[in-house]
Enquirer: 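This is the structure I want to talk about, given as structure tokens.
Because only heavy atoms are used, hydrogens play no part in the values below, and waters and symmetry mates are left out as well, while side chains stay in. Numbers restart at 1 for each chain; the letters A, B, ... are given by sequence-line order, proteins then strands.
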There are 2 protein chains.
Amino acid sequence: MPKHVDPDARRRHVVDALFRVVVREGLQRTSLRAVADEAQLNIGSLRHYFASQQDLMRFAMQSMLDRVESRLLEHVERIGDLGNRPRPERLRLAAGFLAELLPLDEHRRAEVTVFLDFNTAARTNPAFGDLSRQAAEGTGKLVRRVLTRLDAAGALRPGLDIGIETERLTALLDGLSLRAVLHPEVLNPRTCADVLFTHLDDLSMPAGTPGSAH
Amino acid sequence: MPKHVDPDARRRHVVDALFRVVVREGLQRTSLRAVADEAQLNIGSLRHYFASQQDLMRFAMQSMLDRVESRLLEHVERIGDLGNRPRPERLRLAAGFLAELLPLDEHRRAEVTVFLDFNTAARTNPAFGDLSRQAAEGTGKLVRRVLTRLDAAGALRPGLDIGIETERLTALLDGLSLRAVLHPEVLNPRTCADVLFTHLDDLSMPAGTPGSAH
DNA sequence: GCCTTTCTATCACGCCTGTGATAGAACGCA
DNA sequence: TGCGTTCTATCACAGGCGTGATAGAAAGGC
């Protein structure tokens, strides 16, 4: 088994470089040569790990989605069972969880930036079509699940249409991300988080209502 | 003064062609030659009206923003004074007005698509920087004005933070547009409009108060 | 030692891009 | 008619792109 380097590590290294280029220059200007330079690799080496540009791009987008998903799972692990928390804390936890999707720090900001570029490219580039759709449906289902759980725990206002509220909250998250990434001087992370919390608070029980059934 | 053709009409013709290419192929693949072909013009003629690619692109983005603005103004004209309408109708009118920003029909859909591509490009292309920022601030101020008017007319819930609510509604509109453009099979125009109305209804007087919706 | 696989590095090709330069047609006015 | 401006059309160039081909280095198993 000849194995000088770990190919998976190499691919991760290349993908990291690609993300940096995308953030700095945009997906439009993210060429094989630019990525190779950023990764300090020869373009020949790079092509040894990725058969074609499309392979690289798809792999990169898939990696990005995987990373987001694993960070979300990690967050779920961290908060554990939220069934037996006091109601205001449940809201706070839900907000903190959904905030993983917002560009509130440099790390998430880079990720959301890449996410946005890939997904807008997917509109006209069939190579990304399935991944983009899967991502959009994924966040939708995620938001729906959060709302459903909150509702089941009696934390939400009665009479809400969960379908509509799912679309509303999902669109709100997407919109906050979009504006925060494109116009950080207009929408800063703090306001971003405030808006999210305000929204969840709006969906919750009015103050003074008896809390969790159970 | 020799004048065979109307230069303004020509420029409009070219910009229309450019928009079609952007919608169909994405801004990334919108080259001078592609636009010239779409406009059924020789690239030489095209370059007679636009000194450089950057000139064309900036002109196109500015045109798009002008068209959106004029459609909004036209809508304002159409509804006239809304001060003396019954409250539920005021909400409906405000929703209809803000819906001008959503891709609810093919025309607006194309416009929002172009808007999105230009604004995402503006993140890394300084040529669009000022226009993009101006657009983002414009919609923000627009939303704020709508909310302020509704509030002044007593149509809104008391205790709302107009600043936060402006950001929230703006992000919601952006998010709806984004999802409707990128994933029309997930978020259809009908749901889009429903979400907007639900949101405005949520901001209005609490349920049970005379005049509040449904 | 040798052999095979893995990896790095480079060349060349065809394609597309924006753009400078330029020639000629179309047209209105004198 | 001829003149000058406006417009159309084309060529050529340099630069960037993805990619096929290929040669050579590096590394481990035998």
Enquirer: Decide yes or no for D202(A) and R157(B): does some side-chain heavy atom of the first lie under 4.5 Å from some side-chain heavy atom of the second?
Expert: yes

Enquirer: Is it the case that over 12 heavy atoms from other parts of the model lie below 6.0 angstrom from the CZ atom of R145(B)?
Expert: no

Enquirer: Between Q40(A) and A51(B), which is nearer to the 5' end of DNA chain C once each is assigned its nearest nucleotide?
Expert: Q40(A)

Enquirer: Kindly calculate the angle separating the two end axes of the helix from dG1(C)-dC30(D) to dC29(C)-dG2(D), each obtained from five base pairs, and round it to 10 degrees.
Expert: 10°

Enquirer: Detail all sub-3.5 Å separations between protein N/O atoms and N/O atoms belonging to nucleotides 11-17 of chain C.
Expert:
residue, atom, partner, partner atom, Å
dT17(C), OP1, S31(B), OG, 3.0

Enquirer: On DNA chain D, nearest-nucleotide positions of R10(B) versus G44(A): which is more 5'?
Expert: R10(B)

Enquirer: To the nearest Å, how far apart are L41(B) CG and dT6(D) C1'?
Expert: 15 Å

Enquirer: Tell me whether D161(B) is salt-bridged to R168(B), with the criterion being a basic N under 4.0 Å from an acidic carboxylate O.
Expert: no

Enquirer: In whole angstroms, how far is the P atom of dG20(D) from the CG atom of L46(A)?
Expert: 14 Å

Enquirer: Look at the rings of F97(B) and H75(B) and say which category their plane angle falls in: under 30° parallel, 30 to 60° tilted, over 60° perpendicular.
Expert: perpendicular

Enquirer: Taking it one step at a time, do T191(A) and N188(A) satisfy side-chain hydrogen bond (donor to acceptor under 3.5 Å, both in side chains)?
Expert: CA-CA 6 Å; T191(A) 309; N188(A) 60 330; 2.5 Å; yes

Enquirer: dG18(D) C1' sits how many Å from F50(A) CZ, rounded?
Expert: 16 Å

Enquirer: Does dT6(C) have its OP1 or OP2 closer than 4.0 Å to a side-chain nitrogen or oxygen of Y49(A)?
Expert: no

Enquirer: With a 4.0 Å cut-off, would you call D8(A) and R11(A) a salt bridge?
Expert: yes

Enquirer: Using whole Å, what does the distance between atom P of nucleotide dG20(D) and atom CD of Q54(A) come to?
Expert: 12 Å

Enquirer: R58(A) CZ to dG18(D) C1': how many Å, rounded?
Expert: 18 Å

Enquirer: Take atom CZ of R78(A) as the centre, draw a 6.0 Å sphere, and report whether it contains more than 12 heavy atoms from other residues, nucleotides or ligands.
Expert: yes

Enquirer: If only side-chain N and O atoms of N42(B) are considered, is one of them under 4.0 Å from the OP1 or OP2 phosphate oxygen of dC7(D)?
Expert: no

Enquirer: Look at the side chain of H48(A) and decide which nucleotide, out of dA9(D), dT19(D), dT8(C), has an atom nearest to it.
Expert: dT8(C)

Enquirer: Just how far is it from atom CG of N42(A) to atom CZ of R33(A), taken to the nearest 0.5 Å?
Expert: 10.5 Å

Enquirer: To the nearest 0.5 Å, tell me how far L147(A) CG sits from I164(A) CD1.
Expert: 12.5 Å

